2 protein chains.
Amino acid sequence: MHEDNNILSERKKLILKAIIDAHIENGEPVGSKFLMQTKQIAYSSATIRNEMAELEDMGYLEQPHTSAGRIPSEMGYRFYVNSLVDRYNLTQNEIAELKQMLKVKQVEVDTILQSAMQLASRLTNYTAMALKPRQMRILVDRYELMRLDECTLVLIMVIGQTIKTKHIRSQIPVTQEAGIRLAVVLNEKATGKTAEEFTMPLLMEMEAMMGEYEFLVAPVMKGICETITSFDGGEIRFDGINRLLSYPEYYDMERLKELLALFERKDDLLRILSEETGVNMSADEKVQIYIGRENLVKIMDNSTLIFKTIRHQGIPVGAIGIIGPTRMDYKRVIAMVDSLTKGVSNILAEGDITPGLPDGNK
Amino acid sequence: MHEDNNILSERKKLILKAIIDAHIENGEPVGSKFLMQTKQIAYSSATIRNEMAELEDMGYLEQPHTSAGRIPSEMGYRFYVNSLVDRYNLTQNEIAELKQMLKVKQVEVDTILQSAMQLASRLTNYTAMALKPRQMRILVDRYELMRLDECTLVLIMVIGQTIKTKHIRSQIPVTQEAGIRLAVVLNEKATGKTAEEFTMPLLMEMEAMMGEYEFLVAPVMKGICETITSFDGGEIRFDGINRLLSYPEYYDMERLKELLALFERKDDLLRILSEETGVNMSADEKVQIYIGRENLVKIMDNSTLIFKTIRHQGIPVGAIGIIGPTRMDYKRVIAMVDSLTKGVSNILAEGDITPGLPDGNK
DNA sequence: AATTAGCACTGTAATCATGTGAGTGCTAAT
DNA sequence: ATTAGCACTCACATGATTACAGTGCTAATT
């Protein structure tokens with residue numbers, strides 16, 4: 001009221017910050033007396049009370065009930081996070097463990113992501129999330145064919161740096177030569193195309209080129225389509241869900257159930273997350289923070305999501321995130337997510353082995 | 001006391017069964033009066049009480065506290081399950097959905113397993129588990145090499161019906177010819193061998209054979225080792241963990257936390273489970289049931305685990321299981337697991353597609 | 001001898017009354 | 001502008017009282 005509408009006086013900032021710090025520590029509403037005593041605020045409790053009342057009016061604080069202390073509102077947290085300048089620095093131990101863990105020879109992006117996620121969860125004691133983005137517009141750069149036995153060929157697709165394989169089974173025995181010819185045709189006609197560009201005319205043209213082996217074209221193209229459309233549907237994983245249960249804010253069974261259900265609806269989640277972060281992925285290398293209602297998913301609206309995408313050679317190859325109560329140790333988590341993603345990027349760059357690797361198990 | 005030690009009189013059986021049925025339905029301790037009225041037992045409550053007292057002495061029932069009804073002990077459940085003859089039959093709806101769901105073009109064992117698991121969880125409303133066994137003794141049948149660019153080769157390994165790929169990066173540019181030569185050497189020397197058989201002498205021999213390209217041998221062999229040791233480390237997945245929260249027996253936060261933690265220690269879990277079921281996998285095609293303390297993991301000792309392995313051409317390719325409170329709808333779950341695994345086996349057999357194949361026909 | 005009716009007994013859970021204490025808002029004093 | 005002081009509010013803990021479901025046992029009944 002004496003202050004400008006949006007500008008907080010230094011004293012208000014001090015008090016607000018102290019309140020949030022305190023609340024992050026113990027999770028309980030904090031009162032004026034406590035602040036004065038424990039947090040060394042050089043004013044009397046009455047003064048602090050007045051300030052608190054104003055901060056509440058301004059929307060930075062909330063009061064669970066009349067005779068309780070104040071807790072930060074989402075807006076309060078947002079202010080706090082935005083004003084975080086003195087970022088937490090990881091301890092030597094943490095750094096060491098991080099390096100150690102990530103160093104253990106791991107080459108596939110998937111695996112690295114996974115262990116980074118586990119590490120993140122362990123070190124922060126919140127739930128961690130690893131997201132592998134849905135890859136759009138898959139173009140096959142090159143095809144190879146390998147004859148596995150009489151009737152089955154293995155189609156090998158080179159997509160950027162990653163390799164996908166697919167078995168093709170034919171009723172009729174297939175010669176070595178057919179495979180070679182098919183590879184030639186594929187490389188000539190089917191490279192650099194999206195699934196939509198596989199048109200009927202193209203198919204027929206290819207069949208013509210295959211001569212007596214034309215019967216191979218249809219199943220092969222089908223296989224290709226399946227592969228490139230399902231390719232890297234994106235993945236999302238969680239680790240340390242149980243850790244959330246350490247925090248009283250997740251003690252509500254109903255809520256908890258919903259949250260768990262959410263975590264299991266990976267597809268939906270992935271879609272929502274990708275859509276939203278699709279924008280931000282291209283943004284820049286900052287750690288992103290969603291507090292409470294800012295979250296994309298309503299169920300998470302009293303949680304905070306902190307994450308950052310990982311790029312390799314400019315393209316996003318994944319993201320690591322942390323989910324926890326809005327009352328979260330922001331400094332630590334932000335620092336952690338930041339270092340972790342940087343660490344992963346480094347490893348990727350260093351080994352300079354690119355994403356993907358074998359598509360894995362069949 | 002009038003009865004033979006281990007043989008239950010018909011009346012006792014009747015009562016025990018009724019008690020368990022009732023308890024499964026509503027989860028609460030059941031009393032004598034309730035049995036008489038609701039479950040149509042043709043004796044007075046007093047008689048039933050006497051029988052119940054004896055059943056408790058014999059270990060089939062337990063009493064939470066003096067003035068409560070009885071609940072079945074693990075031994076009680078075991079008796080119940082063993083005596084289940086009239087197995088539940090799935091409803092038409094359930095069968096339909098099951099078929100529908102499994103039919104949707106899915107070819108890889110992984111994917112099928114996964115959707116079977118999800119289905120299982122949905123239909124039973126318990127937590128479902130899918131387990132892919134750790135594959136022992138991986139032998140590479142054949143190697144191919146593909147030149148991706150100047151400095152990187154892709155090593156293609158054929159292991160049975162499945163294909164694995166691995167990028168090999170060299171500092172020095174590699175010619176097409178080097179790749180071909182390497183493939184020859186590998187196929188000659190490194191097929192059908194376990195990682196332990198890759199000895200130093202063998203390595204040196206191969207290097208000799210490679211002549212000027214000997215520098216490739218070490219990294220490639222390393223790559224192979226990595227692949228075949230990490231290959232199919234086995235996997236375990238869960239679905240519908242949140243469903244457990246519907247049951248009051250999981251309302252204890254501490255316990256719940258432990259359980260969730262357990263579910264996330266997939267490696268340990270997999271090991272324990274594989275060891276134990278390794279025995280049983282070779283056993284036979286029965287649904288297996290672990291009640292309470294019988295469980296391999298102490299934390300699960302008031303839950304029941306019901307599962308069955310899935311084979312294809314004789315070898316176990318996975319398992320589907322259900323985890324729930326000991327008070328579980330055994331009939332339904334057993335039937336469900338049974339049908340589901342059978343369904344999956346059929347699909348596998350039918351396509352007769354070995355793991356990881358596109359479906360050969362339309 | 002087996003069954004049942006009847007009753008005293010027991011332990012849980014729900015309800016209510018009460019007291020306690022932390023924390024506030026406001027007014028008056030500094 | 002700050003602070004001391006005080007009345008007020010509300011959640012929470014405590015304890016007492018009651019209601020109730022279910023048992024075990026004894027005595028009556030078949």
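To find a chain, count down the sequence lines: A is the first, B the second, and so on, and within it residues start at 1. Since this is a predicted model, take the numbers as computed values, not measurements.
With sequence neighbours left out, A:Phe34 forms a ring pair (Phe, Tyr, Trp, His ring centres under 6.0 Å) with no residue at all. Every residue two or more places apart in sequence or in another chain that forms a side-chain hydrogen bond (donor to acceptor under 3.5 Å, both in side chains) with B:Asn125 is listed here: B:Tyr247.
Figure legend: cation-pi geometry between B:Arg255 and B:Tyr250 absent, as NZ or CZ is not positioned both under 6.0 Å from the six-membered ring centre and within 45° of its axis.
Between the CD1 atom of B:Ile48 and the C1' atom of C:dA2 there is a distance of 15 Å, rounded to whole Å. Atom CD of A:Glu51 is separated from atom C1' of C:dG25 by 15 Å (rounded to the nearest Å). Across the protein-nucleic acid pair, A:Asp57 atom CG and C:dG25 atom C1' stand 12 Å apart, rounded to whole Å. As a whole-Å value, the separation of A:Met52 CE from C:dA22 P is 15 Å. Separating the CD atom of A:Gln37 from the C1' atom of D:dT3 is a distance of 16 Å, rounded to the nearest angstrom. We find that CG of B:Asn50 is positioned 16 Å from P of C:dA1, with the value rounded to whole Å. The nearest whole Å value for the distance from the NZ atom in A:Lys12 to the P atom in D:dT2 is 10 Å. The distance between atom CD of A:Glu56 and atom P of C:dG23, rounded to the nearest whole Å, is 15 Å.
A donor and an acceptor atom sit less than 3.5 Å apart, one in the side chain of A:Arg49 and one in the base of D:dG5.
Annotation: side chain of A:Met129 is in contact with side chain of A:Leu273 (closest heavy-atom distance under 4.5 Å). The closest side-chain heavy-atom distance from B:Leu262 to B:Val297 is below 4.5 Å. Within the 4.5 Å cutoff, no side-chain heavy atoms of A:Thr304 are placed close to those of A:Tyr126.
Electrostatic pairing of A:Glu62 and A:Arg70 does not count as a salt bridge here, judged by no charged N lying under 4.0 Å from a carboxylate O. Under the 4.0 Å criterion applied to side-chain N and carboxylate O atoms, A:Lys39 and A:Asp21 are not assigned as salt-bridge partners. Using a 4.0 Å cut-off between a side-chain N of Lys or Arg and a carboxylate O of Asp or Glu, A:Lys257 and A:Glu254 do not qualify as a salt bridge.
Between B:Phe307 and B:Tyr290, the angle of the ring planes stays under 30°, which puts this pair in the parallel group of the 30/60° scheme.
Within residues 245-255 of chain B, no residue has any heavy atom closer than 4.0 Å to DNA chain C. Residues from residues 21-36 of chain B placing a heavy atom under 4.0 Å of any atom in DNA chain C do not occur. Within residues 61-69 of chain B, the residues having any heavy atom under 4.0 Å from DNA chain C are, by residue number, B:His65, B:Thr66, B:Ser67.
Secondary-structure annotation of DNA chain C gives the stems C:1-30 with D:1-30, with a stem taken as at least 3 successive Watson-Crick or G-U pairs whose two distances both fall under 3.5 Å.
Remark: B:Arg70 is not in phosphate contact with D:dA21, judged by side-chain N or O atoms under 4.0 Å from OP1 or OP2.
Between the side chains of B:Thr127 and B:Arg243, no donor-acceptor pair is found at a separation under 3.5 Å.
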